[in-house]
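When a residue number appears, it is its place in the shown sequence, counting from 1. In this text, all values refer to a predicted model and were calculated from it rather than measured experimentally.
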Amino acid sequence: TNLTDVYIFVSMTAYLVAVIAACSLNFQRALPLFIITALVIFFVCWDFLIVKYEDRIAAFFSPGESYLKTHRFWLKWVLWAAVILAIIFWLIFDTAKQGSHQLISVSGLVLYVFLMFIFSKHPTSVAWRPVFSGIGMQFILGLLILRAKVGFDAFNWLGIQVQTFLEYSDTGAMFVFGDKYRDHFFAFKVLPLVVFFSTVMSMLYHLGFMPWLTGKVGWIMQIFMGTTPVESLVAAGNIFVGMTESPLLVRPYLPYLTKSELHAVMTAGFATIAGSVLGAYISFGVSASHLLTASVMSAPASLAVSKLFWPETENPEVTLTHGLQMAKSESKNLLEAASQGASASIKLVANIAVNLIAFLSLLAFLDSALSWVGSLFDYPQLSFENICAYVFMPFSFMMGVDWEDSFTVGGLLGYKTFFNEFLAYERLSKLIHNREKAGSMYINGVKQYMSVRSEVIATYALCGFSNFASLGLVIGGLTCIAPSKKREIADGAFRAMIAGTVACYMTACVAGMLTGPSLEAPCQVLLGNAFNSTDFPANSTQLVECCQQLFSSVNHSQEIFPGGNYTLASWKGCCQILHQPALHCA
């Protein structure tokens with residue numbers, strides 16, 4: 001034991017010396033390493049203090065806890081009043097600055113909460129603390145990541161690092177499939193990412209990092225939301241792993257869960273995606289930073305919606321505040337953990353491939369059949385996507401999606417719900433690539449791409465496993481883990497899928513509230529959207545800059561010939577904003 005302690009001390013000392021040396025050589029270059037080291041030291045010290053001085057810390061804060069309990073009634077109303085006033089003032093100032101787009105998203109968020117309450121299993125038993133705390137955590141996370149420059153830059157940097165890290169899977173794919181492996185992009189480029197990521201996650205679990213990180217995130221949600229330890233831990237686990245793997249963290253406790261807790265466990269699985277498929281969606285061209293943000297934001301949302309849709313009416317048996325034992329890795333060393341992770345991905349890769357083959361083939365047949373039926377009524381354009389567009393259009397519009405894009409996003413939501421999110425993200429990636437090419441927005445009356453804002457909202461709305469294919473997966477997986485709860489699992493699974501879907505929609509609403517109308521849009525797209533919209537702020541800095549860029553490209557010309565990537569409406573609008581001379585705007 002003494003030898004091990006000496007080895008750990010020497011290793012830590014050498015690491016700290018290396019960090020100090022790297023910071024002294026180039027602090028800017030070593031800043032990520034410095035931040036990671038500081039966070040690790042903080043949490044290690046925190047764990048040490050909790051273990052050693054837990055009773056003293058509790059005794060120190062007990063007077064404050066007693067005061068809060070004594071004055072709980074009036075403090076609660078003061079807090080509610082402060083929150084409501086803060087929301088009102090924020091909406092007023094933000095609307096004046098950004099335009100009224102986000103007001104639709106706010107209305108959508110309120111609407112989804114109201115619908116969940118109306119169709120709740122026990123409406124009179126709803127505990128509102130988890131609901132509003134979960135939505136509040138969503139909003140705070142979104143505000144820090146999407147609006148604060150530090151948070152946006154941090155997650156953008158993290159997204160770039162994840163993309164760079166995932167590209168190392170190309171080495172294995174090239175060795176196995178040859179130099180032309182990209183010719184079969186999905187099979188030989190995307191699926192190897194799943195294998196690589198599964199291997200890394202298995203290694204991190206063996207090292208104890210993932211259980212430690214999951215425990216910390218779960219503890220934060222438990223403290224702020226007042227949820228039970230098991231459901232908080234499973235929701236945190238679903239940020240990183242899949243809907244059937246996360247419950248394995250608390251396998252010994254599953255037979256003792258209440259119906260509401262089981263519903264929360266299943267909802268968390270439906271509302272999030274696994275880290276192993278995250279890389280696949282990133283490889284499609286979907287924003288890595290937004291996918292990471294959606295994964296984090298949907299965890300508290302899943303608990304909030306779950307506790308609203310199926311409130312707790314029983315007394316939870318598992319109420320441990322400390323000492324919740326998570327299942328440990330069965331591998332004996334790191335190499336065995338890597339091998340097990342790679343082997344475990346075989347089933348996942350095969351499942352993804354065969355489902356896509358089946359669903360795409362089925363979709364092609366369905367579209368052909370619907371087109372034939374539509375042709376009987378002089379409407380050969382009838383397709384599954386068109387039907388879904390009309391069914392899901394109200395939901396997409398209430399998230400804050402632009403009206404002209406709401407039908408397109410509605411079709412994506414239909415793909416996700418009735419098939420799976422892989423098909424939806426694959427379709428979304430095509431729309432993103434079309435926008436980046438800046439071609440014609442409409443071809444034969446069919447819209448070829450959306451605004452960047454609509455793409456962002458769609459990214460959040462699709463980020464979850466809530467579809468009918470996953471329904472059977474979660475019932476079968478949880479029944480194998482807790483056979484004594486078979487009936488309760490079957491009874492609550494469909495409601496959990498609906499709750500998971502709404503949690504994704506609520507995350508999209510929060511993203512819509514915090515995403516500006518001109519987020520990183522190319523000028524031709526920004527101008528096209530601006531002058532076809534009634535509520536776009538005319539004094540937008542980005543708008544003026546794009547108009548100046550438009551006219552600077554023709555400063556040496558005597559006459560303007562509208563065309564190319566810019567519409568006639570864009571030229572006319574910029575003429576009004578910049579008051580250009582007649583030689584440009586005649």
Side-chain angles (χ1 to χ4, degrees), residues 22 26 28-33 35-36 145 152-207 209-210 213 239-242 272-296 334-335 337-346 348-353 356 421-422 424-437 455-456 459 462-463 520:
N26 190 328
Q28 192 67 29
R29 184 176 58 192
L31 182 60
L33 180 63
I35 293 174
I36 293 171
I145 298 169
F152 182 82
D153 290 343
F155 261 71
N156 195 41
W157 174 84
L158 186 61
I160 293 172
Q161 304 313 308
V162 170
Q163 284 180 291
T164 304
F165 176 70
L166 292 174
E167 287 175 0
Y168 289 109
S169 67
D170 293 348
T171 305
M174 187 184 300
F175 179 80
V176 174
F177 303 117
D179 294 338
K180 295 184 178 181
Y181 70 100
R182 288 179 180 269
D183 293 346
H184 304 279
F185 183 79
F186 187 83
F188 297 158
K189 165 63 179 174
V190 176
L191 293 182
L193 284 173
V194 178
V195 178
F196 179 53
F197 207 93
S198 177
T199 303
V200 173
M201 292 296 288
S202 180
M203 295 170 69
L204 291 176
Y205 263 96
H206 174 79
L207 293 172
F209 175 76
M210 289 308 301
L213 181 61
I239 297 174
F240 310 103
V241 295
T272 52
I273 59 172
S276 54
V277 297
L278 184 71
Y281 304 147
I282 293 173
S283 70
F284 287 161
V286 182
S287 169
S289 58
H290 286 307
L291 283 171
L292 291 170
T293 306
S295 298
V296 175
L334 196 59
L335 287 177
S339 178
Q340 287 180 353
S343 299
S345 68
I346 295 174
L348 178 60
V349 167
N351 186 56
I352 291 171
L356 284 177
E421 69 288 341
F422 251 98
Y425 274 124
E426 191 270 339
R427 171 62 178 154
L428 176 61
S429 70
K430 290 182 179 178
L431 296 172
I432 293 173
H433 293 321
N434 289 342
R435 174 185 56 78
E436 290 173 345
K437 293 176 182 175
E455 290 174 1
V456 169
T459 300
L462 299 176
C463 194
E520 299 175 1

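- Rounding to the nearest 0.5 Å places OG of S169 at 5.0 Å from NZ of K189.
- Minimum heavy-atom separation, L193 to S283: CD1-CB, 3.4 Å.
- By the 4.5 Å heavy-atom criterion applied to side chains, L431 and R427 are counted as neighbours.
- A donor-acceptor contact shorter than 3.5 Å is absent between the side chain of S198 and the backbone of V194.
- Separation of atoms CD1 (I432) and CD (E455) is listed at 4.5 Å; rounding is to 0.5 Å.
- A 6.0 Å sphere centred on CG of L31 holds more than 12 heavy atoms belonging to other residues, nucleotides or ligands.
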Solution key, residues 178-188 side-chain donor-acceptor pairs under 3.5 Å, sequence neighbours excluded:
| from | atom 1 | to | atom 2 | distance (Å) |
| --- | --- | --- | --- | --- |
| R182 | NH2 | D170 | OD2 | 3.2 |

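- Scanning all heavy atoms of the two residues, the minimum distance from I282 to A288 falls at CD1-CB, 3.7 Å.
- S289 is not listed as a side-chain neighbour of L158, based on a closest heavy-atom distance of 4.5 Å or more.
- Here the CZ atom belonging to F197 is positioned 7.0 Å from the CZ atom belonging to F165, to the nearest 0.5 angstrom.
- With rounding to the nearest 0.5 Å, the separation of CD1 in I145 from CG in D153 is 12.5 Å.
- Using a 4.5 Å heavy-atom cutoff, the side chains of Y205 and V241 are in contact.
- Nearest heavy-atom pair, L334 versus H206, reported as atom, atom and distance to 0.1 Å: N-NE2, 3.6 Å.
- Judged purely by atom type and a 3.5 angstrom limit, T164 uses its side chain to pair as donor or acceptor with the backbone of I160.
- Partners of F240 under the ring-ring contact (aromatic ring centres under 6.0 Å, His included) rule, at least two apart in sequence or in another chain, do not exist in this structure.
- Ring planes of F284 and Y281: tilted class, angle from 30 to 60°.
- Taking CG of L207 as the reference point, atom OG of S202 lies at 9.5 Å (rounded to 0.5 Å).
- For the pair L278/S295, a side-chain contact is recorded, criterion being any heavy-atom separation below 4.5 Å from C-beta on.
- Between the side chain of S343 and the main chain of Q340, no donor-acceptor pair closer than 3.5 Å is present.
- A heavy-atom distance below 4.5 Å is found between the side chains of Y425 and L291.
- The distance from the CG atom of L213 to the CD1 atom of I239 is 8.0 Å, given to the nearest 0.5 Å.
- For the residue pair L191 and A353, the shortest heavy atom distance occurs at CD1-CB, 4.2 Å.
- Residues G285 and H433 come closest through the heavy atom pair CA-CE1, 4.3 Å.
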